[in-house]
Structures are given as structure tokens and as C-alpha cells.
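Notes to accompany the following structure.
Atoms within a ligand are numbered from 1 in the order they appear, just like the ligands themselves.
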Amino acid sequence: MATKIVFIGLGNMGLPMALNLVRKGDEVCGFDLSPPAVEKLVQGGGRAGADRAAEVAAADIVITMLPASKHVEETLLGSGGDGGNGGAVAAAKAGALLIDCSSVAPATARRVADAAAARGLDCLDAPVSGGTAGATNGTLTFMVGGSAATLERARPTLQKMGKALFHAGGHGAGQTAKICNNMMLGIQMVGACEAIRLGQANGLDAAVLSDIMAKSSGRNWVLELYNPCPGVMDNVPASRGYSGGFGVDLMLKDLGLAMEAAVASSASIPLGALARNLFDLHSKAGAGALDFSSIFRTFERRPA
Ligand code: NAD
């Protein structure tokens with residue numbers, strides 16, 4: 001029998017992830033504040049639900065892929081914030097599994113886990129890496145927090161959306177791993193932009209320089225798969241006006257989580273803090289909804 005899944009949050013990542021579950025035989029009912037997002041799931045063979053609490057109550061698995069902590073807390077814990085008032089934790093049937101794939105604060109993951117445990121439900125924080133291409137191709141990396149037994153229970157479902165599954169530790173550990181990874185990604189993106197712009201300002205072709213660096217010691221994910229310079233790579237946000245992809249404001253949120261974690265643990269993150277401020281200024285200049293590689297624009301040379 002097909003696994004009944006409720007998937008909440010059908011944005012740049014959630015929609016292709018949900019479509020992979022549909023393609024691989026699950027019965028997926030989707031919810032999103034945006035009706036066109038739900039319509040795309042329906043076109044791909046999923047279902048639109050009318051009553052979210054009723055659909056959650058009938059689901060074997062509830063997956064969330066929402067922007068930030070507050071959306072996850074509202075959706076899973078409800079207005080009371082404790083799982084007892086209108087959220088999916090309260091609505092879920094006995095034995096259901098909750099998987100939050102959003103990138104949020106580790107404290108949010110632990111609050112959800114506490115509320116789920118109070119109802120005897122299994123839950124995991126399982127944020128992802130791999131971008132929209134990884135979500136579409138089913139090649140995401142999952143960084144999982146929760147018990148090893150719950151990870152084994154979730155494995156067949158996660159494997160329909162991703163290829164690498166890591167058990168980072170207990171509840172919240174998946175989110176901590178994701179925060180560290182994205183801080184490094186934010187720093188690398190800024191570094192790649194700086195280097196490409198420096199090369200261009202000194203007469204180099206951006207594509208040639210990117211190729212050289214991608215095969216030299218400056219090599220990294222941005223240069224290999226997500227070049228920020230328009231026209232260097234096909235099928236990346238830079239080559240479609242920085243639309244789709246991973247929003248500046250989402251990167252800003254993740255770098256803010258890194259700073260909170262650093263303050264709370266007395267860790268030093270000078271480059272992470274600098275990257276946060278650069279993305280903050282970029283967002284304030286009006287780029288919040290563009291892909292994060294659009295920070296390339298802030299390194300444009302002053303006209304002579
Ligand atoms: P997105 O903004 O494209 O999608 C979020 C979706 O959630 C939107 O469609 C929005 O309408 C919906 N939503 C918001 N509140 C809702 C609610 N209460 N109920 C139902 N739907 C609601 O964001 P995204 O790029 O898909 O990212 C989702 C999460 O994954 C974020 O936490 C992000 O940091 C993380 N992430 C994104 C990427 C990426 O490359 N885009 C990669 C890894 C992780």
C-alpha cells in the first residue's frame with residue numbers, strides 16, 4: 001500500500017521533493033499558501049487537500065519544507081507553540097512520523113521533538129543540501145537529527161528525495177550541521193564573486209577563470225555547480241536573472257542562525273559574520289527575493 005504523506009511547503013525545494021515522492025509511488029497531499037504551487041503538485045500526480053488537520057490526521061508521514069523557524073513552529077506546534085493547539089503535532093495520528101526538512105534553529109527542532117515525544121510521535125530534523133537541482137534530481141544530502149531508530153524508519157522515504165543521508169546526532173544536530181555548511185557556502189559564494197570580479201577587472205574571461213579555479217586549489221561547490229557570473233553556466237540562477245534557486249533572505253536567515261549559535265557557544269566566526277552583513281546589505285538594497293548568487297552584482301566595478 002502506498003505511504004500516505006502530507007507535504008507542507010511547496011516552494012523552490014518542497015515542490016520538486018514532493019514530486020519525487022509521487023513519482024516513486026507515495027500518495028502525496030500538498031499544502032502551500034500559494035495556490036499555483038499546489039496546482040503544480042496536482043499536475044504532477046499529487047493531491048490538493050481541503051482540510052489540513054484532517055489530512056494530517058490520516059497521514060503516515062508529515063513532511064515540512066518551510067522558510068524559517070516561525071513557520072515551522074506555527075505549522076507543527078500551532079498557535080499555542082506547544083503542540084497542543086492547532087498544529088500538525090496535535091493533529092497527527094498515533095504512530096505517525098514527522099520530518100522537518102526546513103533549515104531552522106536547532107532550538108525549534110528540539111521544541112518540536114519535545115511536543116512530538118509528549119504525544120508519542122517519532123520526529124526528525126532533516127535539513128538538506130544540494131539546491132533546487134538536487135531537489136529535482138533526487139540527489140539531496142540529508143543531515144539528520146533524532147534517534148538512529150527513527151532515521152531507519154524514515155530512510156526509505158528520504159532515499160526517494162536524496163542520495164546521501166547523514167546521522168548528525170540527537171534532535172537539533174541536523175540543523176546545527178546545516179548551519180555550519182551554509183555558513184561555509186555563504187563565505188564561498190562571496191569569495192567566488194570577489195575572485196571572478198578581480199579576474200574580470202584585470203582582463204580575464206569569467207568562464208576561463210572559473211574553469212581554471214574549479215580545477216585548482218580554489219575549487220569549491222559554487223565554482224563547480226553554481227557559478228554566480230551570468231552566462232558562464234547554463235541552468236543556474238545567474239543565467240536566468242537570479243530567479244529561483246536559494247533566496248538571499250534565506251541565506252541571510254541561515255547566517256543569522258550561525259551567529260546565534262556562535263554567540264551561544266562562544267565560537268568565533270569572523271568570516272561568517274562578515275558574510276551575514278554583506279548579504280544583509282544586499283537584501284536591504286532590494287535583492288532579498290533574488291537567488292543568493294546575485295551578491296555578484298555588489299562587486300561590480302565603478303565605471304571609469
Ligand atoms: P521557498 O520560499 O521557495 O518556499 C517556501 C514555501 O513555503 C513557499 O511556497 C511558501 O508559500 C510556503 N509557506 C510558507 N508558510 C507556509 C505555511 N504556513 N503553510 C504552508 N506553506 C507555507 O523556500 P525554499 O527555497 O523552498 O526553502 C525552503 C527551506 O529549505 C528553507 O528553510 C531554506 O533555507 C531551505 N533550503 C533551501 C535551499 C534552496 O536551494 N532553495 C537549499 C537547501 C535548503
Heavy atoms only, cut-off 4.0 Å: how does K70 contact ligand 1, side chain, backbone, both, or neither? neither
So, is V128 polar-close to ligand 1, with some N/O to N/O distance under 3.5 Å? no
Out of R52, M65, M17, indicate the one that has the non-hydrogen atom closest to atom 30 (O) of ligand 1. M65
Could you check M161 against I63 for side chain to side chain contact (heavy atoms under 4.5 Å, CB included), going step by step and ending with a plain yes or no? CA-CA 12 Å; M161 301 181 282; I63 300 177; 4.1 Å; yes
In terms of ring plane angle, is the pair Y226 and W221 parallel, tilted or perpendicular, where the classes change at 30° and 60°? parallel
Counting heavy atoms not belonging to K70, are there more than 12 under 6.0 Å from its NZ? no
Does ligand 1 have a heavy atom under 4.0 Å from the side chain of L33, from its backbone, from both, or from neither? both
Enumerated ligand 1 atoms positioned under 4.0 Å from heavy atoms of T75: 18 (N)
Apply side chain to side chain contact (heavy atoms under 4.5 Å, CB included) to M13 and C101, showing your working. CA-CA 10 Å; M13 296 294 285; C101 296; over 6 Å; no
Test log, rule side chain to side chain contact (heavy atoms under 4.5 Å, CB included), inputs Q175 and D100: CA-CA 10 Å; Q175 297 297 351; D100 181 32; 4.2 Å; yes
How far does NZ of K215 sit from OG of S210, to the nearest 0.5 angstrom? 10.0 Å
Please indicate, with yes or no, if any protein heavy atom is found under 4.0 Å from atom 2 (O) of ligand 1? no
Within the 4.5 Å heavy-atom criterion, are N182 and L255 side-chain neighbours or not? no
Is atom CZ of R155 surrounded by more than 12 heavy atoms (other residues, nucleotides or ligands) closer than 6.0 Å? yes
Heavy-atom contacts under 4.0 Å between H71 and ligand 1: side chain, backbone, both, or neither? side chain
Proximal atoms of ligand 1 relative to K253 (non-hydrogen, under 4.0 Å): 31 (C), 32 (O), 33 (C), 34 (O)
Near D51 CG, under 6.0 Å, is it more than 12 heavy atoms from other residues, nucleotides or ligands? yes
Atom 24 (P) of ligand 1: which of L250, L257, N181, D291 has the nearest heavy atom? L250
With backbone taken as N, CA, C and O and side chain as the heavy atoms from C-beta onward, which portion of I8 lies under 4.0 Å from ligand 1: side chain, backbone, both, or neither? side chain
Among all protein non-hydrogen atoms, which one is nearest to atom 4 (O) of ligand 1, and what is the separation to 0.1 Å? G11 CA, 3.2 Å
Name the option, out of L10, N12, T132, D32, that contains the heavy atom nearest to atom 12 (C) of ligand 1. D32
One pair to check against side chain to side chain contact (heavy atoms under 4.5 Å, CB included): R240 and D291. What are the steps and the verdict? CA-CA 10 Å; R240 46 172 196 262; D291 179 74; over 6 Å; no
Please classify the K178 to ligand 1 contact at 4.0 Å (heavy-atom distances, strictly less than): side chain, backbone, both or neither. side chain
Between R276 and D254, does at least one N-O distance fall below 4.0 Å, as a salt bridge requires? no
Please write down residue, atom name and distance for the protein heavy atom closest to atom 26 (O) of ligand 1. M13 N, 2.9 Å
Should you measure from each heavy atom of S103, which atoms of ligand 1 turn up under 4.0 Å away? 32 (O), 34 (O), 35 (C), 44 (C)
Which is closest to atom 41 (N) of ligand 1 by heavy-atom distance: G245, P67, G247? G245
min-distance protein heavy atom vs atom 22 (C) of ligand 1 -> L66 CD2, 3.3 Å
Heavy-atom count around K4 NZ within 6.0 Å, excluding the residue itself: above 12? no
Would you say S129 and ligand 1 have an N/O pair spaced under 3.5 Å apart? no
With a heavy-atom distance limit of 4.0 Å, tell me whether A37 approaches ligand 1 through its side chain, its backbone, both, or neither. neither
